[in-house]
Protein chains: 2
Amino acid sequence: MAETLNERSQNILEAIVEDYIASAEPVGSRAITRRHSFNLSPASIRNVMADLEDMGLLCSPHTSAGRIPTAKGFQYYIDSLLEIRDLSSRERETLQSSYRFQGMKMEDIMQEVGRVMSGLSQYTGLVMAPKFSSTVFRQIEFIRLSEGRVLVIYVSESGLVQNKIITADAGLTNQQLEQISNYLNKELNGLSIQEVRAKLSSELQEERVRFDQLKKQALSLSHAALQDEVENQIYVSGASLMLEQPEFSSPQQMKKLIQTLESKSLLIELLDRSQSAQGVQIFIGSESSQIDLDGCSLITSNFSNQKGAIGTLGVIGPVRMNYSKVIPIVDFTAQLVSRVLGREIE
Amino acid sequence: MAETLNERSQNILEAIVEDYIASAEPVGSRAITRRHSFNLSPASIRNVMADLEDMGLLCSPHTSAGRIPTAKGFQYYIDSLLEIRDLSSRERETLQSSYRFQGMKMEDIMQEVGRVMSGLSQYTGLVMAPKFSSTVFRQIEFIRLSEGRVLVIYVSESGLVQNKIITADAGLTNQQLEQISNYLNKELNGLSIQEVRAKLSSELQEERVRFDQLKKQALSLSHAALQDEVENQIYVSGASLMLEQPEFSSPQQMKKLIQTLESKSLLIELLDRSQSAQGVQIFIGSESSQIDLDGCSLITSNFSNQKGAIGTLGVIGPVRMNYSKVIPIVDFTAQLVSRVLGREIE
DNA sequence: GTTAGCACTCTGTCGAGGCGAGTGCTAATT
DNA sequence: AATTAGCACTCGCCTCGACAGAGTGCTAAC
């Protein structure tokens with residue numbers, strides 16, 4: 001896909017993209033000569049621009065407006081022209097000090113991360129907490145709420161707490177529940193949830209013929225508790241900041257954007273995709289893509305602790321987003337969160 | 001405040017409010033004679049309208065538009081003219097069957113309630129979960145995460161689960177933690193959080209001089225765990241539905257609305273106010289009110305279980321909201337949730 | 001290969017004019 | 001005395017045409 005552009009074309013494309021990022025307006029040939037010193041006349045610029053348009057990197061909203069970069073144009077810019085400088089240690093410190101994680105539980109950390117990323121970037125922050133099934137078993141507790149209704153509390157190695165209400169044999173006593181949880185805590189310690197599920201399923205098969213009543217109950221209870229995938233938790237911060245961007249100034253666009261940000265399932269799908277990859281990922285929204293992220297770009301990165309729980313965080317902004325500013329923020333934040341989560345469990 | 005209006009004025013005010021609710025447009029004297037059969041000419045209607053305007057119940061956006069009800073006009077309508085019919089048992093059933101609460105934990109129930117109310121009303125659903133401090137102690141568990149870092153899990157009588165990470169004496173063993181939780185579970189059983197806090201504070205004072213090391217640790221640990229008020233959980237559903245309403249069609253209004261719905265603290269303050277009252281509460285937003293709920297009305301009701309945990313739910317919509325439809329929804333939902341939460345704990 | 005010049009195209013703004021809806025006032029009617 | 005018909009007036013909104021501004025593509029000259 002990376003067609004080779006000669007250096008002049010690259011420079012001009014870069015100038016156009018950057019001017020457009022700054023102004024959100026179509027940029028014309030004269031504007032380029034004014035703002036950059038290429039020692040070229042507007043007419044020459046126009047020739048190059050026509051070429052770039054032929055290649056699908058630029059387009060013009062109408063005959064007599066300037067050009068704006070297409071999604072492909074942005075892609076090229078990001079892949080080939082954008083240089084992301086590393087953060088200076090001072091910047092790292094400032095960034096780090098924006099976050100306050102002391103004494104926070106998982107949910108609060110996720111929330112805080114979204115809030116700060118949104119504040120720093122002035123776009124919308126997105127955080128998806130580690131999936132339940134990517135965690136490692138640490139402890140399970142049962143609390144009898146009423147006849148046949150039991151509250152299950154599950155704690156992962158990383159300190160993630162989940163709870164769920166399940167129905168169970170009405171005759172179960174508190175003591176039995178305690179025995180059951182003791183048994184399970186010993187038995188399942190250190191296994192990943194996938195392993196736990198597999199183990200439970202196979203043992204349930206085996207045990208069906210045996211007579212250890214307690215063990216049987218333990219297995220079926222924990223099986224019920226850990227069975228369904230819990231819906232992914234997702235945190236959206238600073239949605240209203242996006243409404244300040246000129247690309248979302250019309251009511252229709254605002255409505256569409258808010259609907260997108262409100263529909264968690266779409267966001268989950270997006271963040272899920274990036275979870276398979278490593279490092280910072282960039283999605284550029286366009287009409288062509290299956291996912292309807294029209295006019296928006298998404299910059300994400302994963303975080304994880306040593307126990308393998310993986311989450312994703314990122315910033316969603318207009319395609320015309322300040323990539324060179326946001327990418328380091330997302331990158332560094334992901335590293336930071338990984339470190340913080342790692343510390344949680346030692 | 002209830003100035004007495006003669007019957008004709010009342011009828012006309014009612015007609016205006018209802019026409020305005022239906023159309024969102026200023027209503028003129030001719031429109032009234034067309035849509036209602038008062039056997040009066042537009043000119044007579046105009047006279048009455050002028051009176052109602054003098055009383056501050058109506059206003060006109062400009063000289064040659066129709067009239068729209070003021071906040072005060074809506075207030076009068078709701079207080080004196082609106083008759084809320086009870087739901088038929090069939091309606092109750094349909095409503096009830098919209099909710100699916102089986103096997104749901106508290107958070108999911110709250111979310112579901114907001115979602116369904118929003119869907120039924122086509123406005124925005126708001127739910128504030130019972131405050132931590134309004135719950136009754138049931139059980140506390142400690143899980144050692146790492147040296148000096150302990151995860152506390154607190155369960156209320158109503159099945160509400162909270163967790164928090166606290167720092168503690170690095171030397172604490174798992175066994176000691178277990179002893180501590182056993183002690184606390186026996187000691188604090190059945191007390192409200194307020195009582196627990198009081199008890200812990202006073203005992204901490206006393207114990208300071210004594211030598212029961214374990215008890216001392218138990219007290220200080222639980223004190224740290226239950227000390228701070230956890231931020232109120234609030235659930236907002238269907239914000240984008242509001243954007244369909246003509247009063248929020250302009251970009252400025254959309255932006256303001258989304259900012260309002262995004263700032264949880266404002267919503268919490270609003271819902272908090274209604275928590276002191278009983279039954280269905282209605283706030284009508286106006287510029288005059290301290291709280292900036294411009295153009296919106298809020299219909300709320302509280303729910304609770306027998307153990308006293310109180311939460312608030314409601315619907316936020318344009319002032320020009322279909323009160324006769326939404327009020328029964330909110331009312332019935334609050335009762336329903338109370339019953340469901342009650343059942344949780346038997 | 002580059003550029004100056006020019007005709008052309010398209011958008012946004014501004015003011016004039018007409019239309020429609022609605023009002024307030026006055027005088028006539030019941 | 002209350003009601004109503006009639007009328008002049010006021011606004012907001014829409015359309016239309018004119019116009020300025022920005023930008024392009026093409027051609028011919030450098």
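We name chains A, B, ... by the order of the sequence lines, and we start the count at 1 in each one. It should be emphasised that the depicted structure is a prediction, and the values quoted were computed from it without experimental measurement.
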Asks: Once you round it to whole Å, what is the distance between P of C:dT2 and CZ of A:Phe38?
Replies: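 Result: 13 Å.
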Asks: Hey, does the side-chain of A:Arg30 have a donor or acceptor N/O within less than 3.5 Å of a partner on the base of D:dG23?
Replies: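 Result: no qualifying N/O pair found.
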Asks: Quick check for you: among D:dA5, C:dT23, C:dT3, whose closest atom lies nearest to any side-chain atom of A:Ser41?
Replies: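 Shortest atom-to-atom distance from the side chain points to C:dT3.
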Asks: CG/B:Leu87 to OG1/B:Thr94 distance, rounded to the nearest 0.5 angstrom?
Replies: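 Rounded to the nearest 0.5 Å, the CG-OG1 separation comes to 9.0 Å.
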Asks: For the pair made of CG in A:Leu58 and P in D:dG23, what is the distance, rounded to whole Å?
Replies: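 My rounded result for the distance is 15 Å.
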Asks: Rounded to the nearest Å, what distance is computed from the CD1 atom of residue A:Ile45 to the C1' atom of nucleotide D:dG25?
Replies: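 These atoms are roughly 16 Å apart.
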Asks: On DNA chain D, check which nucleotide each of B:Arg46 and B:Arg8 is closest to and give me the residue with the more 5' one.
Replies: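 The residue closer to the strand's 5' end, by nearest nucleotide, is B:Arg8.
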Asks: Take atom CG of A:Asn39 and atom P of C:dT2, then tell me their distance rounded to the nearest Å.
Replies: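 So the CG-P distance, A:Asn39 to C:dT2, works out to 12 Å.
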Asks: Report yes or no: does B:Tyr323 contribute a side-chain atom to a donor-acceptor pair with the main-chain N or O of B:Val319 at less than 3.5 Å?
Replies: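 Pair found, side chain donor or acceptor close to backbone of B:Val319.
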Asks: If each of B:Pro61 and A:Ala65 is mapped to the nucleotide of DNA chain D with the nearest heavy atom, which maps nearer the 5' terminus, i.e. the 5' end?
Replies: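 This one resolves to B:Pro61.
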Asks: Return the value, rounded to whole Å, for the distance between atom CG of A:Asn47 and atom C1' of D:dG25.
Replies: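 Interatomic distance, CG of A:Asn47 to C1' of D:dG25: 9 Å.
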Asks: Using a cut-off of less than 4.0 Å, is there contact between a side-chain N or O of B:Ser44 and OP1 or OP2 of D:dT4?
Replies: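 Checking D:dT4 against B:Ser44, a side-chain N or O does come within under 4.0 Å of OP1 or OP2.
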Asks: Within this structure, what is the CG-to-P distance between B:Asp51 and D:dA2, rounded to whole angstrom?
Replies: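 Atom-to-atom, B:Asp51 to D:dA2, this comes out as 12 Å.
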Asks: Looking only at atom types and distance, does a side-chain atom of B:Ser80 sit under 3.5 Å from a main-chain N or O of B:Tyr77, one as donor and one as acceptor?
Replies: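 Looks like no, no N/O pair under 3.5 Å.
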Asks: Kindly say if A:Arg67 contacts the phosphate of D:dG25, meaning a side-chain N or O under 4.0 Å from OP1 or OP2.
Replies: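 For D:dG25, OP1/OP2 do have a side-chain N/O of A:Arg67 under 4.0 Å.
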Asks: Decide, yes or no, whether a salt bridge links B:Glu25 with B:Arg320 under the criterion of side-chain N to carboxylate O below 4.0 Å.
Replies: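 So B:Glu25 does not pair with B:Arg320 through a salt bridge.
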Asks: For A:Thr63, report the nucleic acid contact type (base, sugar-phosphate, nothing); a contact means any heavy atom under 4.0 Å.
Replies: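 It contacts sugar-phosphate atoms only.
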Asks: Can you find a side chain N or O atom of A:Ser64 that sits less than 4.0 Å from OP1 or OP2 on D:dA22?
Replies: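 It does not, given that no N or O in the side chain of A:Ser64 lies less than 4.0 Å from OP1 or OP2 of D:dA22.
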Asks: What's the closest nucleotide to the A:Ala43 side chain, out of C:dT3, C:dT23, D:dT3?
Replies: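 Given the options C:dT3, C:dT23, D:dT3, the side chain of A:Ala43 is closest to C:dT3.
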Asks: Between P on C:dG22 and CD1 on B:Ile32, what's the gap in Å once rounded to a whole number?
Replies: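 The answer, rounded to whole Å, is 10 Å.
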Asks: What is the distance from CD of B:Glu53 to P of C:dG24, rounded to the nearest Å?
Replies: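 Those two atoms, CD and P, are 7 Å apart.
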Asks: Give one of base, sugar-phosphate or nothing for B:Ser60, where a contact means two heavy atoms less than 4.0 Å apart.
Replies: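 Touches nothing.
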Asks: Taking only Lys NZ, Arg NE, NH1 and NH2, and the carboxylate oxygens of Asp or Glu, determine whether A:Lys255 and A:Glu262 approach each other closer than 4.0 Å.
Replies: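 Answer for the salt bridge query: no.
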